[in-house]
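Let me begin by presenting the structure, written as structure tokens, before commenting on it.
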Amino acid sequence: AAAISSLIGMAKRLVAADWFTAKVSVAGMFPALHSLTKNSEIPYLYKELCLDETPMVRRAASLHLGPLLASLGAKDSSHDLISILQQLCKDEQDSVRMLAVAAL
């Protein structure tokens with residue numbers, strides 16, 4: 001349990017980081033982190049990445065959204081991310097839109 005809480009704590013720090021590189025890194029970790037921990041905070045942390053102002057962060061979030069949704073399954077929290085997926089499919093950046101559609 002201590003290891004899981006330290007992993008979640010690390011993910012929270014990376015999501016809240018000032019630099020986009022930390023956020024891009026944690027986006028790739030979230031699908032495996034959710035599979036490992038089944039922590040209920042992960043979809044909400046991921047949503048922050050999907051709504052980030054930096055296109056590189058939204059692109060990374062779009063890239064890993066499919067595996068995260070697969071890990072979440074049909075839980076209620078995945079429905080919240082589906083609305084985010086719809087938003088990413090309408091993003092101003094074409095690379096974000098392309099990756100979001102590929103996540104489907």
Side-chain angles (χ1 to χ4, degrees):
I4 290 173
S5 64
S6 70
L7 285 172
I8 298 301
M10 177 195 63
K12 287 179 182 178
R13 288 189 302 278
L14 290 171
V15 167
D18 292 332
W19 296 94
F20 77 90
T21 50
K23 295 177 183 184
V24 167
S25 298
V26 77
M29 293 170 41
F30 271 128
L33 190 58
H34 184 267
S35 293
L36 180 67
T37 66
K38 301 296 184 200
N39 188 286
S40 61
E41 292 180 84
I42 290 175
Y44 302 105
L45 292 170
Y46 203 81
K47 183 179 178 179
E48 289 184 41
L49 296 179
C50 292
L51 300 175
D52 195 87
E53 64 185 22
T54 311
M56 287 80 69
V57 175
R58 293 195 312 272
R59 189 170 34 241
S62 296
L63 178 64
H64 301 288
L65 185 56
L68 180 63
L69 287 172
S71 176
L72 287 168
K75 295 180 182 174
D76 292 336
S77 58
S78 66
H79 298 297
D80 193 33
L81 285 178
I82 289 174
S83 66
I84 295 298
L85 175 62
Q86 291 169 337
Q87 185 174 340
L88 290 172
C89 287
K90 299 174 189 172
D91 196 272
E92 63 189 32
Q93 296 286 321
D94 59 345
S95 59
V96 173
R97 288 192 309 266
M98 185 179 68
L99 289 168
V101 170
L104 296 172

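For this chain, numbers begin at 1 and follow the sequence in order. On a predicted model such as this, the values are computed, not experimentally measured, just so you know.
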What pairs with T54 under side chain to side chain donor-acceptor pair (under 3.5 Å), at least two apart in sequence or on another chain?
-> D52
So CG of L72 and OH of Y46: to nearest 0.5 Å the spacing works out to 10.0 Å
Any chance you could measure D91, atom CG, to M98, atom CE, to the nearest 0.5 Å?
-> 12.0 Å
Does a side-chain heavy-atom distance below 4.5 Å link L88 with V101?
-> no
CG (L45) and CG (L14) are apart, to the nearest 0.5 Å, by 10.5 Å
Does any pair with a residue in residues 6-22 pass side chain to side chain donor-acceptor pair (under 3.5 Å), and if so which ones, sequence neighbours excluded?
-> K12-E41
What pairs with S5 under side chain to side chain donor-acceptor pair (under 3.5 Å), at least two apart in sequence or on another chain?
-> none
Heavy-atom distance under 4.5 Å between the side chains of V15 and K23, does that happen here?
-> no
Can you list the residues that meet the side chain to side chain donor-acceptor pair (under 3.5 Å) rule with Q87, with sequence neighbours excluded?
-> none
Is the closest side-chain heavy-atom distance between N39 and L33 below 4.5 Å?
-> no
Identify whether M56 and L99 are in the same connected component of the hydrophobic contact network (ILVMFWY, side-chain heavy atoms under 4.5 Å).
-> no
Between NZ on residue K47 and CD1 on residue I84, distance to nearest 0.5 Å | 4.5 Å
CA sep, side-chain torsions, deciding dist, call: L36, I4, side-chain contact (heavy atoms from CB on, under 4.5 Å) | CA-CA 9 Å; L36 180 67; I4 290 173; 5.7 Å; no
Spatial distance of atom CZ (F30) from atom OG (S35) [nearest 0.5 Å] | 12.5 Å
Does the side chain of P55 come within less than 4.5 Å of E92's, by heavy atoms?
-> no
Can I get a per-line list of side-chain donor-acceptor pairs under 3.5 Å for residues 59-67, giving both atom names and the distance, sequence neighbours left out?
{"from": "R59", "atom 1": "NH1", "to": "S95", "atom 2": "OG", "distance (Å)": "2.8"}
{"from": "S62", "atom 1": "OG", "to": "R58", "atom 2": "O", "distance (Å)": "2.9"}

Please name the pair of heavy atoms, one in S71 and one in H34, separated by the smallest distance, quoted to 0.1 Å.
-> OG-ND1, 2.7 Å
Those residues at least two apart in sequence (or on a different chain) that pass side chain to side chain contact (heavy atoms under 4.5 Å, CB included) with E53 are none
